[in-house]
Amino acid sequence: MIDAAVLIPVYRSHEGELHIVMILRNPGGVHGGQVAFPGGKHDPEDETMLDTALREAREELGLIVDLGDVLAELPMTQTKTTGYRVFPYLARIAVPDRWRIAEREIAKILDVKLRDLTRPGAHDKMIDRFPTWQKAEQVSFYQIDSYRLWGLSYRILHPLIPRLVAGEWDL
């Protein structure tokens, strides 16, 4: 298994609405073209998996997160076919005046309103087959604009949404 970590950046808009910052990965690579959270592989220089998540958010988005704004370490989740063991961390962020996107890795930032994930029709299932799968399977997903959030990112986000809606953390 390859160890990796992701950051789930959340913030409240001036209107008080909760947002989750996600990314669309550039095509290519094992997770290319997918909606995801900022993150990546653990480097030997990273002392902890949290260090990995914070470093990756800084490298991919130019996002600096204070340790005091890391709200939770969520359960480790494994990819089903690509051999990754991912450690997710929820963090409260201040949206920067200007994002510094690593254009080699990131195609787009997706600023997702929590209410858009809880509206009727945002959550659905499809039958699909991906290149690394033996056969077609039913896949749950969230529709985010014209993109589908599925797989590992879905499995991290899905149990987190009711906790965010319930106001479990000070956001």
Side-chain angles (χ1 to χ4, degrees), residues 1-13 17-114 117 132 141-142 144 147 149-171:
M1 297 298 290
I2 299 165
D3 282 344
V6 297
L7 193 73
I8 302 156
V10 295
Y11 73 93
R12 282 210 185 271
S13 67
E17 190 161 21
L18 195 59
H19 291 243
I20 302 168
V21 177
M22 303 193 75
I23 58 173
L24 176 64
R25 296 213 168 273
N26 276 330
V30 70
H31 300 119
Q34 295 180 12
V35 175
F37 297 107
K41 293 178 192 172
H42 178 73
D43 280 352
E45 303 83 48
D46 299 331
E47 288 187 30
T48 66
M49 294 311 295
L50 176 57
D51 290 338
T52 300
L54 296 174
R55 176 185 51 76
E56 287 284 346
R58 185 176 62 252
E59 290 175 2
E60 292 182 346
L61 302 176
L63 186 61
I64 306 296
V65 178
D66 185 88
L67 282 177
D69 288 325
V70 176
L71 304 172
E73 178 179 352
L74 301 170
M76 182 274 295
T77 306
Q78 294 182 11
T79 59
K80 291 189 175 182
T81 58
T82 57
Y84 282 80
R85 186 168 63 169
V86 179
F87 297 82
Y89 297 88
L90 179 68
R92 175 180 44 232
I93 65 162
V95 176
D97 293 332
R98 187 174 147 274
W99 293 100
R100 292 190 330 262
I101 299 173
E103 294 178 5
R104 188 175 51 85
E105 298 180 54
I106 311 302
K108 185 177 183 179
I109 291 178
L110 302 172
D111 189 330
V112 182
K113 294 176 183 173
L114 182 62
L117 296 171
T132 56
F141 68 92
Y142 285 100
I144 298 174
Y147 309 104
L149 168 77
W150 58 277
L152 176 107
S153 296
Y154 171 91
R155 292 193 318 276
I156 291 170
L157 185 62
H158 186 65
L160 183 59
I161 289 174
R163 296 173 73 186
L164 290 168
V165 168
E168 187 170 324
W169 296 280
D170 180 25
L171 294 166

Is the shortest heavy-atom distance from the side chain of Ile64 to the side chain of Leu54 under 4.5 Å? no
Please report the interatomic distance OG1(Thr52) to CG(Leu7), rounded to the nearest 0.5 Å. 11.5 Å
Look up atom CD in Glu105 and atom CG in Leu24, then write down how far apart they are to the nearest 0.5 Å. 13.0 Å
Arg25 and Ala36: which non-hydrogen atoms are nearest, and at how many Å? NE-CB, 4.1 Å
At their closest point, which heavy atom of Glu73 faces which heavy atom of Tyr89, and how far apart are they? CG-CE2, 3.4 Å
Which of these, Leu157, Leu149, Leu117, sits in a side chain to side chain contact (heavy atoms under 4.5 Å, CB included) with Val112? Leu117
Given side chains that start at C-beta, do those of Leu63 and Pro9 come closer than 4.5 Å, heavy atoms only? yes
Parallel, tilted or perpendicular: which one describes the rings of His19 and Tyr11, with boundaries at 30° and 60°? parallel
For a side chain to side chain contact (heavy atoms under 4.5 Å, CB included) check, start with the C-alpha distance between Lys108 and Ile23, then their side-chain angles and the critical distance, and finish with the verdict. CA-CA 6 Å; Lys108 185 177 183 179; Ile23 58 173; over 6 Å; no
Identify each donor-acceptor pair in which a side-chain atom of residues 90-101 lies under 3.5 Å from a protein atom, sequence neighbours left out, and give them as a table.
unit_1, atom_1, unit_2, atom_2, d
Arg92, NE, Asp69, OD1, 3.2
Arg92, NH1, Asp170, O, 2.3
Arg92, NH2, Asp69, OD1, 3.2

Met22 side chain near Ile20 side chain, heavy-atom distance below 4.5 Å: yes
For a 4.5 angstrom cut-off between non-hydrogen side-chain atoms, does Phe87 reach Val6? no
Could you tell me whether the side chain of Val86 reaches within less than 4.5 Å of the side chain of Met76, counting heavy atoms only? no
Check for a donor-acceptor pair, side chain of Asp46 on one end and backbone N or O of His42 on the other, with a separation under 3.5 Å. no
Looking at every heavy atom in both Asn26 and Glu103, which two are closest together, and how far apart are they? ND2-O, 2.6 Å
Contact check, side chains of Leu152 and Thr82, non-hydrogen atoms, under 4.5 Å: no
Restricting to non-hydrogen atoms, name the atom on Phe37 and the atom on Val21 that form the minimum distance, rounded to 0.1 Å. CD2-O, 4.3 Å
Test of understanding: with side chain to side chain contact (heavy atoms under 4.5 Å, CB included), list the residues that count as partners of Arg163, not counting sequence neighbours. Leu74, Glu168, Trp169
Output yes when a side-chain donor or acceptor of Arg12 lies under 3.5 Å from a complementary backbone atom of Leu171, and no otherwise. yes
For residues Glu56 and Gly40, report the shortest heavy-atom separation together with the two atoms involved. CG-N, 3.3 Å
I'd like to know if the side chain of Glu60 reaches the main chain of Gly39, judged simply by a donor and an acceptor atom lying under 3.5 Å from each other, with no hydrogens or angles considered. yes
What is the distance from atom OH of Tyr142 to atom NE2 of His158, rounded to the nearest 0.5 Å? 4.5 Å
Give me the atom names and distance for the closest heavy-atom approach of Val35 to Ser153. O-OG, 3.6 Å
Taking it one step at a time, do Tyr147 and Gln34 satisfy side chain to side chain contact (heavy atoms under 4.5 Å, CB included)? CA-CA 8 Å; Tyr147 309 104; Gln34 295 180 12; over 6 Å; no
Among all residues two or more places apart in sequence or in another chain, which pass the salt bridge (charged side-chain N to carboxylate O under 4.0 Å, His left out) test with Asp3? Arg85
